[in-house]
Amino acid sequence: MYQVERTVESGGVRVTAEAPARPWRVAPNVWFLGVTSLLTDVSSEMVTSVLPMYLVVHLGMTPLAFGVIDGLYHGLSSILRIVSGFFADRWRRYKELAAAGYALSAICKLGLLAAGDRIAALAGIVALDRTGKGIRTSPRDALISMSAPKAMLGEAFGVHRAMDAVGATAGPLLAFLILARIPGGYDAVFVASFAFAIAGLGALLLFVENRPRPHGGAADPTEPRVRSRGTAAADFKAAIGDIMATPRLRRLAAIATVLALTTVGDGFMYLSLQRRLDFGTGFFPLLFVATSCCYFLLAAPAGRAADRLGRTRMLLGGYAALGTAYAVLLAPWTGWAGVLPIVILLGAFYAATEGVLMALASACVPENRRAAGLGALTTLTNLARLAGSIVFGLIWTWWSVDAALVAFAIALAASVVAGAKILRDDETTHERES
Amino acid sequence: MNASPDRAGRSLTTRLVLFGLLCAACAAGVWLYATRTRRDAAAPGLSSIRVESDEATRDRIRSAPHLVLRHTNQGDGYGRVALVTLDDPDRRYLSTLECERVYYAGGRGVCLSADRDVLTTYDAVIFDESFSRLWSVPLTGAPSRARVSRDGRFAAFTVFESGHSYTAAGLSTRTTILDLTARRSLGDLEQFSVVRDGEPFRSVDFNFWGVTFAPDSSRFYATLATGGRTLLVEGNLESRSVRVLREGVECPSLSPDGRRLVFKSRQQRAGRLVWQLRVLDLESKAETPLDGETRSVDDQAEWLDEEHVMYAMSSDRRPSTGGTDIWTIPARSGAAPRKLLEQAFSPASIR
């Protein structure tokens with residue numbers, strides 16, 4: 001049981017004297033990774049939120065040209081996560097790889113300034129920025145997972161994701177504030193974004209430790225000291241093999257992928273709400289902000305609760321919240337009163353799934369393939385979400401929004417039931433083992 | 001807290017101080033940049049532009065052929081609607097209206113304005129010859145193009161909407177026509193019926209943009225994009241229908257005599273996508289590239305007179321600060337463009 005595991009852990013020698021008094025026993029490494037992510041997200045979301053306007057309205061590009069850049073923006077980062085995770089594991093240099101990714105994205109913010117209105121240069125810089133994100137994500141998640149004892153992984157990821165969400169909420173607000181003060185001041189937005197990126201990189205380099213010890217205890221003695229396993233290519237194949245050969249991870253990945261396939265993106269949720277209520281699309285940013293506010297308020301408590309009550313239960317509960325949001329959208333009586341429940345349910349969904357999935361995976365990845373394993377899982381779920389939203393868009397286009405929502409609601413319910421069956425068995429076996 | 005192996009010897013306090021210094025340096029850098037560029041952009045080289053706001057200047061400029069445009073000089077009335085004559089290009093009358101895009105004809109103007117708060121919202125404001133707001137309609141997205149018919153009876157504008165395609169950030173366009181006399185909307189062009197080769201034509205991926213009105217103001221031309229192609233359509237406001245004329249035409253703009261269209265045409269040049277202005281003779285269907293301009297022109301052009309068109313380009317100095325210049329080019333092949341006005345955008349020629 002998790003409860004038992006927890007008591008054993010805190011009664012053990014590892015815990016420092018002041019630890020029991022602290023309500024949130026999250027390792028310094030996690031806090032500082034949170035600070036890094038917060039600052040970096042302010043930086044990247046500042047740019048993301050003004051980029052369409054900058055390219056299309058300000059530089060006068062047509063939507064077609066924008067579409068090309070946008071495609072690059074989204075397509076690139078996924079596969080890189082596995083590769084950078086693999087090298088982070090191989091060299092055991094998580095912090096360094098994460099730092100390289102953060103640094104690359106930081107430089108790109110200045111590149112946006114230098115590119116002016118040359119579309120090829122802008123597209124290249126946006127792609128590089130995405131590359132930076134692809135490089136940093138898995139080593140960072142691996143560092144978080146190494147910085148918390150197994151019983152408290154949910155809490156650690158919850159705290160990190162909450163701070164991440166604060167940054168993602170503050171970024172667009174800050175960008176629009178700058179544009180309100182300085183009309184046409186996109187250059188000022190890019191410079192401010194660069195400054196936040198540098199501060200985030202500084203937090204990582206100064207405070208985050210590469211071989212973290214949960215709660216300042218001694219280094220984990222079980223830490224494998226595998227240095228080299230032949231050529232990188234052979235080792236990469238071996239890494240994929242190791243990851244695939246972990247049954248629990250395989251089952252988790254399968255369920256997470258199916259669940260992600262049935263997830264309707266926020267954009268589509270807001271859009272169908274907008275169709276119903278007929279408000280201007282100018283309100284979309286407000287809905288995004290409200291959702292991420294709920295997300296950051298709920299992420300840490302949800303992670304903590306997941307550690308106590310069972311992470312599988314929390315993950316599936318999150319998807320149940322998403323299903324409820326579909327139902328609210330579909331209900332014929334949903335009017336303006338439906339906006340708040342939908343925003344809260346979406347926030348709860350993210351809080352109960354994003355960090356919790358990482359915590360679940362961290363508990364079962366092979367120790368020496370940690371970053372690559374986490375990277376592979378997020379790559380799969382990202383691709384599944386993209387595929388899901390394409391399918392949703394197609395059903396919407398050829399039939400109707402309601403048809404798409406009904407189809408996704410049924411698929412989601414089926415996946416949650418299947419997930420409950422398959423993963424619950426896993427969790428109980430695991431608890432008996434530990 | 002234990003010192004990590006790679007930071008041996010540096011206490012947490014030292015690191016916190018270093019981090020504080022770094023943050024302070026970042027903040028100072030941003031502040032310096034923001035204050036300095038504003039001063040630079042507004043200052044030398046451009047100081048020849050004088051802005052005035054008195055009615056005498058306004059009336060004097062109005063007594064001759066002139067341009068109504070958006071002033072884009074940082075520091076003194078950026079984004080305001082201005083009047084200027086080409087005889088005295090350095091003196092501008094600045095109104096109090098602030099717009100992202102503006103057009104004026106027949107005593108009526110349309111100003112696509114932004115209310116930049118935490119949440120940016122946009123409106124189309126209809127104004128009269130004294131720049132007073134008459135009425136407005138909220139826009140559903142960021143402004144792109146605007147036109148008013150020659151008699152001031154109709155206005156058309158295009159906005160970009162986000163979130164309408166498969167990727168969350170995808171953009172689509174919406175083009176709306178307003179009846180300025182009746183003060184009501186005639187709806188968006190996607191509600192008009194479309195005819196191609198005599199057959200009804202429908203598709204879910206229709207996007208309209210870039211309206212230009214015919215001199216009789218009941219007809220108009222516009223771009224219809226569908227299936228990755230851009231089509232020139234001719235529309236009729238009374239029958240609420242449009243007819244496909246030809247392919248490869250974007251952002252048409254009708255000449256004062258109503259016989260030629262200047263439009264932008266998408267071209268591949270050395271692997272790069274560029275837009276070139278071309279002139280289409282509506283009677284002979286002959287196309288003339290304005291190939292004296294080698295840069296990519298991405299604007300709905302406006303006719304300065306029967307022989308010249310004009311368009312905006314990002315200013316050579318720092319495009320990211322929002323400066324734009326207006327260029328003009330003779331409407332024939334081989335003629336070179338020249339810069340007409342600095343720090344200006346969205347011109348309407350009043351002849």
Side-chain angles (χ1 to χ4, degrees), chain A residues 28 52-54 56-63 65-67 70-71 73-74 112-113 116-117 119-120 173 176-177 179-180 182-188 190-192 195-196 198-199 202-203 206-207 209-211 213 216 265-268 270-271 280-286 389-390 393 397, chain B residues 1-2 4-7 15 18-19 22-23 26-27 29-30 33-34 37-38 72 74 78-79 98 100 116-122 138-144 160-173 204 207 250 266 272-273 275 298-299 312 314 318-323:
Chain A
M53 256 203 293
Y54 177 62
V56 175
V57 181
H58 193 76
L59 296 182
M61 275 177 204
T62 28
F66 175 77
D70 193 52
Y73 211 110
H74 288 284
L112 283 174
L113 266 187
D117 57 355
I119 183 164
L173 296 181
F176 287 113
L177 267 176
L179 287 184
I182 311 173
Y186 290 90
D187 57 331
F190 299 152
V191 169
F196 275 99
I198 289 296
L206 284 170
F207 300 113
E209 297 175 3
N210 217 354
R211 270 179 253 164
R213 288 134 247 198
D266 315 12
F268 278 128
Y270 301 150
L271 205 57
T281 45
F283 286 94
F284 277 25
L286 197 65
S389 65
I390 290 174
T397 308
Chain B
M1 179 158 171
N2 297 351
S4 76
D6 45 340
R7 293 278 156 204
R15 284 182 279 156
L18 281 174
F19 185 63
L22 179 69
C23 290
C26 285
V30 173
Y33 181 87
T37 51
R38 288 321 104 184
T72 62
Q74 287 287 354
Y78 178 88
E98 243 183 69
E100 302 294 294
R116 294 187 195 286
D117 209 330
V118 169
L119 187 69
T120 305
T121 54
Y122 302 97
L139 299 181
T140 49
S144 167
F160 290 112
E161 296 186 331
S162 50
H164 275 208
S165 68
Y166 301 152
T167 54
L171 280 171
S172 62
T173 61
V204 285
N207 271 315
E250 281 181 65
R266 195 188 298 160
R272 287 185 52 189
L273 191 63
W275 277 270
D298 196 349
D299 192 14
S314 282
R318 288 210 193 91
S320 52
T321 57

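Convention: sequence-line order gives letters A, B, ...; per-chain numbering from 1. These numbers come from a predicted model, not from an experiment.
- Of all non-hydrogen atoms in B:Val30 and A:Ala192, the two that sit nearest each other are CG2-CA, 3.7 Å.
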Derivation of the side-chain contact (heavy atoms from CB on, under 4.5 Å) call for A:Asp187 and B:Tyr33: CA-CA 9 Å; A:Asp187 57 331; B:Tyr33 181 87; 2.9 Å; yes
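- Heavy atoms closer than 4.5 Å to chain A are found in the side chain of B:Leu22, but not in its backbone.
- For the pair B:Cys26 and A:Ala199, the tightest heavy-atom approach, listed with the atom from each and the gap, is SG-N, 4.2 Å.
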